[in-house]
Protein chains: 2
Amino acid sequence: MTPTMHDVARVAGVSIKTVSNVINDFPHVRPSTRMRVLSAIEELGYRPNLSARGLRSGRTGVIGLAVPELRQNYFAELADAIIRAAEKHDLGVLVEQTSGDREREIAAVTGAGRLRLTDGLLFSPERLGQDDRDLIQPKFPFVLLGERIFGGPTDHVTMHNVSSAQAATEHLLEIGRRRIAIIGAHPDQREEIRSADLRVRGYKRALGAAGIPVDPQLIRVAAPWHRENGAEAMRDLIASGVAFDGLFALNDTLALGALRALGDAGVRVPDDVAVIGFDDIDEARYSIPSLSSVDPGRQEIAETAVELLVERINEKDGEAIPPLLVKSEFRIVARESTGSTGSS
Amino acid sequence: MTPTMHDVARVAGVSIKTVSNVINDFPHVRPSTRMRVLSAIEELGYRPNLSARGLRSGRTGVIGLAVPELRQNYFAELADAIIRAAEKHDLGVLVEQTSGDREREIAAVTGAGRLRLTDGLLFSPERLGQDDRDLIQPKFPFVLLGERIFGGPTDHVTMHNVSSAQAATEHLLEIGRRRIAIIGAHPDQREEIRSADLRVRGYKRALGAAGIPVDPQLIRVAAPWHRENGAEAMRDLIASGVAFDGLFALNDTLALGALRALGDAGVRVPDDVAVIGFDDIDEARYSIPSLSSVDPGRQEIAETAVELLVERINEKDGEAIPPLLVKSEFRIVARESTGSTGSS
DNA sequence: CGCTAAATATACAACGTTATAAATGCTCTC
DNA sequence: GAGAGCATTTATAACGTTGTATATTTAGCG
């Protein structure tokens with residue numbers, strides 16, 4: 001039914017290997033022969049069978065991307081960026097959702113699941129944490145994303161959590177805020193390295209540098225980082241009667257929920273409370289008021305991650321390059337919620 | 001390096017076909033043999049090579065999903081739902097972004113691109129329209145999504161655009177609004193069947209049934225359906241001085257933009273203007289005020305689409321079932337923007 | 001011209017799985 | 001306890017591509 005190389009070879013009057021050579025841009029093919037083959041391909045509407053190619057060459061041209069859920073804005077935007085980046089390398093992306101399920105995250109790392117069809121995996125965990133570091137011993141090209149696990153044996157692309165959180169806090173300090181609350185800290189103090197703790201550390205560092213004491217009452221727990229939890233944490237904070245004039249929400253989704261709760265309570269933003277989030281999702285530009293945020297360099301993360309993965313895929317067995325840790329550049333985006341009138 | 005069926009067969013002391021039989025749950029395998037094979041698989045950490053399976057069986061276990069962009073909330077949620085639905089059928093999903101590019105949409109339909117590795121394609125066009133119907137002659141299992149093209153030769157899953165838009169408009173009428181504006185109509189009147197026109201038709205039908213004349217000044221163009229365009233259309237409408245007390249935005253993104261512009265202009269929602277959107281994206285629940293919307297049955301669309309595709313994939317050549325058109329059930333979700341205080 | 005070397009094309013064997021058909025083993029029946 | 005008939009297992013041939021080794025053609029040079 002669908003034509004194969006044999007059909008093309010027959011029509012063009014050459015051997016099937018010559019067809020293969022033309023398709024793979026091998027050097028020594030006479031222009032006239034190439035022509036003949038190409039027009040036969042055209043005529044028959046031939047397309048290579050990628051399964052066969054994959055079997056023979058050991059490459060499928062597809063990489064896997066394992067994320068919690070696409071309905072979370074941040075991951076949708078990440079997936080978008082990664083698909084674009086993969087495209088430049090002529091790679092397809094098979095998206096797997098782990099739904100924040102521990103077992104499924106483990107399955108993804110161990111290469112169970114569907115991912116046997118892929119040349120490598122980009123993995124962004126949501127449940128696995130630093131304690132699970134030793135689970136990450138993938139037997140295939142692998143790049144870790146996010147900030148839940150550090151020091152593993154694989155390449156890792158992440159952001160400057162501490163310094164960008166510090167910069168966000170400083171942004172609030174610069175506009176004169178002194179009682180800066182934070183929403184999104186993690187309840188479980190045992191667990192260490194994860195975005196929440198890193199960002200809280202940056203917050204404390206900024207306060208410390210400004211000579212402002214840390215008030216534990218201003219550090220509010222919220223997990224997971226969904227809108228409702230941001231709203232709830234803010235309602236609690238307001239109800240507690242603790243005074244504050246600034247808010248650093250550990251991600252934009254929390255910030256949007258908090259914005260909602262502030263609005264409900266009649267608190268004016270940024271007049272009474274200035275707010276900054278983290279992630280710079282599209283939505284931040286359009287909320288009321290528009291939300292200041294930290295752009296963690298998502299595009300750069302995506303491109304770097306794909307490039308690293310491609311390198312690992314192409315790596316010869318011998319030349320084991322040690323695992324790389326790459327951090328992308330961040331940038332503070334000031335909008336209305338911290339008193340900026342610009343329309344970025 | 002990675003073990004193959006031969007290795008498993010050797011360890012288990014059976015033939016390779018028996019291993020295959022165990023893996024594929026073939027009926028006639030003695031329990032004791034099955035045990036032996038399974039433990040050999042376990043011991044070696046064997047995983048089937050999907051390329052080889054794909055080559056031999058003609059199935060890859062992967063379907064393609066072509067959407068404009070995941071960063072558009074609606075498509076992220078659609079992709080999320082589709083990946084979940086595909087999982088139930090043990091299928092992976094390769095996501096391709098067409099970026100609203102005509103050529104890329106055509107490439108997707110004609111099966112160019114990476115999609116040769118897939119068993120079938122779910123396609124949600126953004127540029128191709130009714131005029132391009134004849135381009136859709138896919139030579140592989142295919143299900144069309146959305147409402148840009150009708151009457152094609154393939155299965156098609158879509159929503160009740162007219163009646164749900166009518167219901168949305170009626171919802172505004174029921175709370176006493178009489179001057180109902182609409183945002184998101186398409187500028188080009190030549191092109192016919194597409195969400196915008198269908199939804200405008202439902203709007204007109206509702207007004208007609210209520211004996212209210214259609215005021216063309218209340219029908220505002222906006223395209224594409226992004227937040228900025230919703231905001232801009234609303235600013236124009238306000239600036240025009242035309243009186244209105246209700247707004248039906250043709251999707252939630254437009255509505256959120258409009259909400260923003262209304263807020264900026266000091267118009268109270270829902271007191272001065274009641275607003276309803278369309279799509280019921282997650283975000284609608286958390287805007288200020290929360291946004292009433294039409295839930296078009298996204299989950300149902302996703303599940304139906306995958307099921308239809310699976311049926312087409314399994315279809316024997318002879319039994320050509322005629323193309324099916326399926327419309328999912330919708331539901332009006334009333335929130336604050338139309339005066340509802342419930343917290344749905 | 002004739003010889004060598006390079007350029008070009010070929011035949012055939014993989015890759016790891018599943019399908020086919022045939023072989024073997026087992027359980028009945030009479 | 002022999003043959004029928006089914007359950008179980010196997011050997012072997014595909015699937016469509018690319019790599020290797022080899023054959024053939026063309027070009028270069030003295």
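Throughout, a chain's letter reflects where its sequence line sits, starting with A, and its residues are numbered from 1. Since this is a predicted model, take the numbers as computed values, not measurements.
- As a whole-Å value, the separation of A:Ile16 CD1 from D:dC15 P is 12 Å.
- Applying the side-chain hydrogen bond (donor to acceptor under 3.5 Å, both in side chains) rule to pairs touching residues 133-142 of chain A yields nothing, sequence neighbours excluded.
- Remark: side-chain polar atoms of A:Arg36 are paired, donor with acceptor, to backbone N or O of A:Ala12 under 3.5 angstrom.
- Put simply, the side chain of A:Lys17 reaches to within 4.5 Å of the side chain of A:Asn21, judged on heavy atoms.
- Per the geometry, CD1 belonging to A:Ile23 stands 6 Å off P belonging to D:dT18, to the nearest Å.
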- line: Letter by letter from the 5' end, nucleotides 4-9 of chain C scores (B base, S sugar-phosphate only, - none; protein heavy atoms under 4.0 Å) ---SBS
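- Rounded to whole Å, atom C1' of D:dG16 lies 16 Å from atom CZ of A:Arg47.
- If you take NE2 of B:His6 and C1' of D:dT12, they are 11 Å apart, rounded to a whole angstrom.
- Using a 4.0 Å cut-off between charged nitrogen and carboxylate oxygen, A:Arg34 and A:Asp25 count as a salt-bridge pair.
- At a cut-off of 3.5 angstrom, counting only N and O atoms as typed in the model, there is a donor on one side and an acceptor on the other between the side-chain of B:Lys17 and the base of C:dA19.
- Rounded to an integer number of Å, the gap from B:Ile41 CD1 to C:dG16 P is 16 Å.
- For the pair B:Phe26 and B:Leu55, both in contact range of DNA chain C, the more 5′-proximal nearest nucleotide belongs to B:Leu55.
- Judged by distance alone, with hydrogens and angles left aside, A:Arg56 brings no side-chain donor or acceptor close enough to the base of D:dT17 to form a pair under 3.5 Å.
- Two end axes, each from the C1' atoms of five base pairs, can be drawn for the helix from C:dC1-D:dG30 to C:dC30-D:dG1; they diverge by 40°, to 10 degrees.
- Distances shown here put a side-chain N or O of A:Ser20 below 4.0 Å from the OP1 or OP2 atom of D:dT18.
- At whole-Å resolution of the value, CG in B:Asn24 and P in C:dT17 are 11 Å apart.
- Rounded to an integer number of Å, the gap from CZ of A:Arg59 to C1' of C:dC15 is 15 Å.
- For B:Asn49 and D:dT17, the CG to C1' distance is 13 Å, given to the nearest whole Å.
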